[in-house]
Amino acid sequence: MKRKQLNVAAIFAFAVLCFGFNFGISTSAQNSRPRITPTPTPTITPTPKVSVTPTPTPTPHLTLPEVQAKIQNVLARPDLQRGQIGVKIVSLDTNKIVFEQNAEKYFMPASNMKGYTIAAAIEKLSPDFRFVTSVLAPAMPDASGTIKGDLTIYGRGDISISTAFNDGDYYRGLDALAQKIVSAGVKRIEGNLVGDESYFSGNPIPAGWEWDDLQWYYGAEISALPVNDNAVDLSVKPGGAAGSQCFIQTLPANTIFKIVNRCATVAVGTKREIRVVKKLDQNIVEVSGTMPFGDKGYKGALAVSRPSQIFVELLRGLLMQKGVIIAGQNKVINAPEKFNSAMVSASAPIEIAKLESPPLSLIAAKTLKPSQNTYTETILWTLGEEIGRKQQLFEITADNLIPPPKTSSELGLSVVGKFLNEIGMPPGSLIQWDGSGLSRHDLVTPASAVALYTFMSKSRYAAVWRDALTIGAIDGTLRNRFKGTLAANNVRGKTGTIDQVSSLSGYVTTAEGERMVFSIIVNNVEDTQLRQSTIDEIVIALASLNGKSN
């Protein structure tokens, strides 16, 4: 997404190198380990690029036995023999099983896991659900527009305060909130500007995520006050001459994210060798190495630790730009801090303004099509608070005691599990550690995916679900696949890609007009292009089926 900048945030400072655990990856080595398919942007991100599957030769119309034989031949290739592949294909029109192999075996799903989470959210929260950010104060502003005390922003995970929903503009989402505050009559805040992210509880990093994912935007932590996908854009360009420092910038400009510049400009023709290291749990990035003069530069997107700090800082700048005077400091508070804080007073603050997100129906599409991890986890945690927390209040233990409180993530996973039980999915059909599939502890069966997609095809919200899925050769993570085939602008589904894993579950219509639901998951095959081409050939064969499955 193209990101714009406004002259509103403060100039950020360079930071000295701090000691502690850190991690990084050189730009010359990043293609060795593909991760989950990232949100597409026109900038170069540090996520290793997945090879685009070559456009397959168009397949002529096939009979059902020919399609089944074609699938068998694809799966029997010698270069797949050390891998594991699960397939299940069922006709939505006749309920007949067209093909299955290892359909009840466990596989790592990668981002196919997002389908389970988003389906549960659509069903339990409804497509009309909106995330709400409340502006709280001790009282309404007085006649002079003064808030006598703190102005608190109570977040509930509005992921739409993001460049993805605002045409790449870093500030537009927050500016809408600032305008709500000004419209409420606020001209002066005598206390602090407080960001309250206590709506969510638990570790902000979902369980099972690997440490080397946490540097990049697709491993960003979860917050009830998210902003710009909880990431900053990094730009590294050569200096004005060989021997000078490289020019390094993070956007949006802020004082929270610090840069240690150890990158030198070298002579034209020299190989670029730079290394980007973001400190674990710290907003410090060190860029080292060399970049030749005249190089086009390097761009990436880095995860922000405690993004609520940037949220509050940017909001303060926007409020000041609108003439609001803030006498106090910027502060953020999370659930444990709020519980232990003297800020909890006898008199509850009142809501003087609020900002609502677009409906979940739009957010679901913005989540599934580009395969956005942070959005999915935030939706899972919201399920936990909006549905799971309320359910827990009515749960009583065998000793008639209220069970101990669970984290937002634990409650969200419980809601998804109950939803899957309600739609008739057999117990043990999947093992879910997170909402997005970035955890390699997640396991699903192809049969469970087919059961989910079959249910959603008949749901009262079927159109919302279908519109949220990526379309072959058209958009999202399938935009470069199936071009020039019968599956183009036909197949709809959810992809998944991490190291040695590719998956695709969804729908395709045959040449005869029969609707098929399928799930194909490939594990333990190193070559990304091979995994994807295996899946694509099967889907194209289905699209080429001429004749009914019954």
Side-chain angles (χ1 to χ4, degrees), residues 36 83-92 95-125 206-208 364 368 371 376-377 379-380 383-384 387-388 391 406 409-459 461-462 465-466 468-469 492-498 501-507 516-524 535 538:
I36 283 191
Q84 296 292 327
I85 305 177
V87 181
K88 186 164 186 177
I89 305 165
V90 177
S91 168
L92 277 176
N95 295 321
K96 179 179 178 180
I97 297 175
V98 173
F99 187 92
E100 63 180 337
Q101 175 177 299
N102 297 327
E104 295 291 347
K105 298 289 186 182
Y106 278 143
F107 292 85
M108 286 184 288
S111 283
N112 246 216
M113 182 58 78
K114 291 181 173 70
Y116 299 84
T117 304
I118 301 304
I122 291 173
E123 291 293 319
K124 294 300 180 181
L125 295 173
L368 290 181
S371 200
T376 313
E377 300 301 336
I379 291 169
L380 176 74
L383 268 174
I387 308 297
Q391 291 177 345
K406 295 180 180 180
S409 176
E410 290 170 336
L411 289 168
L413 293 172
S414 177
V415 172
V416 175
K418 289 179 180 179
F419 161 69
L420 297 178
N421 289 337
E422 290 170 3
I423 68 174
M425 199 170 293
S429 294
L430 73 160
I431 298 173
Q432 187 174 16
W433 279 61
D434 68 0
S436 63
L438 189 56
S439 171
R440 299 181 69 82
H441 297 296
D442 292 325
L443 294 172
V444 307
T445 66
S448 72
V450 167
L452 175 72
Y453 281 69
T454 299
F455 172 83
M456 294 304 294
S457 71
K458 303 172 184 176
S459 163
Y461 302 132
W465 165 255
R466 184 175 176 84
L469 299 174
R492 290 175 182 248
K494 181 71 201 78
T495 60
T497 305
I498 55 176
V501 177
S502 288
S503 55
L504 178 60
S505 299
Y507 312 101
M516 297 287 179
V517 57
F518 66 89
S519 179
I520 309 166
I521 309 177
V522 182
N523 281 193
N524 305 325
I535 293 170
I538 294 173

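The analysis underlying the following values was restricted to heavy atoms, covering all of them including side chains, and did not include hydrogens, waters or symmetry mates.
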Exercise. Mark yes or no for whether R492, through its side chain, and R466, through its backbone, hold a donor-acceptor pair below 3.5 Å.
Key: yes

Quiz item: If you look at every heavy atom in V87 and I520, which pair is closest and at what distance?
Solution: CG2-CG2, 4.0 Å

Quiz item: For the atom pair OG (S409) and CD (E377), what is the distance rounded to the nearest 0.5 Å?
Solution: 6.5 Å

Quiz item: What's the verdict on salt bridge (Lys or Arg N to Asp or Glu O under 4.0 Å) for E422 and K124, showing C-alpha distance, side-chain angles and the deciding distance?
Solution: CA-CA 12 Å; E422 290 170 3; K124 294 300 180 181; 2.7 Å; yes

Exercise. Enter the distance from M113:CE to I118:CD1 here, rounded to the nearest 0.5 Å.
Key: 12.5 Å

Quiz item: Would a 4.5 Å heavy-atom cut-off, applied to side chains only, mark E123 and F455 as touching?
Solution: yes

Exercise. Using distance alone, with no hydrogens and no angle criterion, decide if S519 and S505 have a side-chain donor and acceptor under 3.5 Å apart.
Key: yes

Quiz item: Counting distance only, does the side-chain N/O of S429 pair as donor-acceptor with the main-chain N or O of M425 below 3.5 Å?
Solution: no

Practice problem: Verify, without hydrogens or angle tests, whether Y507 (side chain) and Y453 (backbone) share a donor-acceptor contact under 3.5 angstrom. | Solution: yes

Practice problem: Enter the distance from M516:CE to S91:OG here, rounded to the nearest 0.5 Å. | Solution: 5.0 Å

Quiz item: Once you round to the nearest 0.5 Å, how far does CD1 of I122 lie from OH of Y461?
Solution: 10.0 Å

Exercise. For the pair V90 and V98, evaluate side-chain contact (heavy atoms from CB on, under 4.5 Å) and give the outcome as yes or no after the intermediate values.
Key: CA-CA 5 Å; V90 177; V98 173; over 6 Å; no

Quiz item: Looking only at heavy atoms, which two atoms of A110 and V501 are closest? And how far apart?
Solution: CB-CG1, 3.9 Å

Quiz item: Is the shortest heavy-atom distance from the side chain of W433 to the side chain of I431 under 4.5 Å?
Solution: yes

Quiz prompt | Side chain proximity check, I97 to K88, heavy atoms < 4.5 angstrom | solution = yes

Quiz item: Looking only at heavy atoms, which two atoms of G437 and D442 are closest? And how far apart?
Solution: CA-OD2, 3.3 Å

Practice problem: Going by the side-chain contact (heavy atoms from CB on, under 4.5 Å) test, name the single residue among L469, T495, T376, T117 that passes it with L368. | Solution: L469

Self-check item: Contact check, side chains of I387 and L125, non-hydrogen atoms, under 4.5 Å
Solution: yes

Practice problem: Check step by step if side-chain contact (heavy atoms from CB on, under 4.5 Å) holds for I538 and I89. | Solution: CA-CA 10 Å; I538 294 173; I89 305 165; 4.1 Å; yes

Quiz item: For I521 and V444, which heavy atoms make the closest approach, and how far apart are they?
Solution: CD1-CG2, 3.7 Å

Self-check item: Identified side-chain hydrogen bond (donor to acceptor under 3.5 Å, both in side chains) counterpart of K494 within the set S503, S111, S371
Solution: S371

Name each donor-acceptor pair under 3.5 Å that joins a side chain in residues 102-109 to protein atoms two or more places apart or in another chain, with its distance.
from: N102; atom 1: ND2; to: I85; atom 2: O; distance (Å): 2.9
from: Y106; atom 1: OH; to: G428; atom 2: O; distance (Å): 2.5

Quiz item: Is there a side-chain contact between I423 and L452 (heavy atoms, below 4.5 Å)?
Solution: yes

Quiz item: Does any N or O in the side chain of D434 come within less than 3.5 Å of the main-chain N or O of P206, such that one atom is a donor and the other an acceptor?
Solution: no

Self-check item: Distance in Å, E410 CD paired with L380 CG, rounded so as to fall on 0.5 Å steps
Solution: 11.0 Å

Quiz prompt | Exercise: identify the closest heavy-atom pair between Y116 and L430 | solution = CD2-CD1, 3.9 Å

Exercise. Quick one: pull up CZ in F419 and CG in L383 and give me the separation to the nearest 0.5 Å.
Key: 10.0 Å

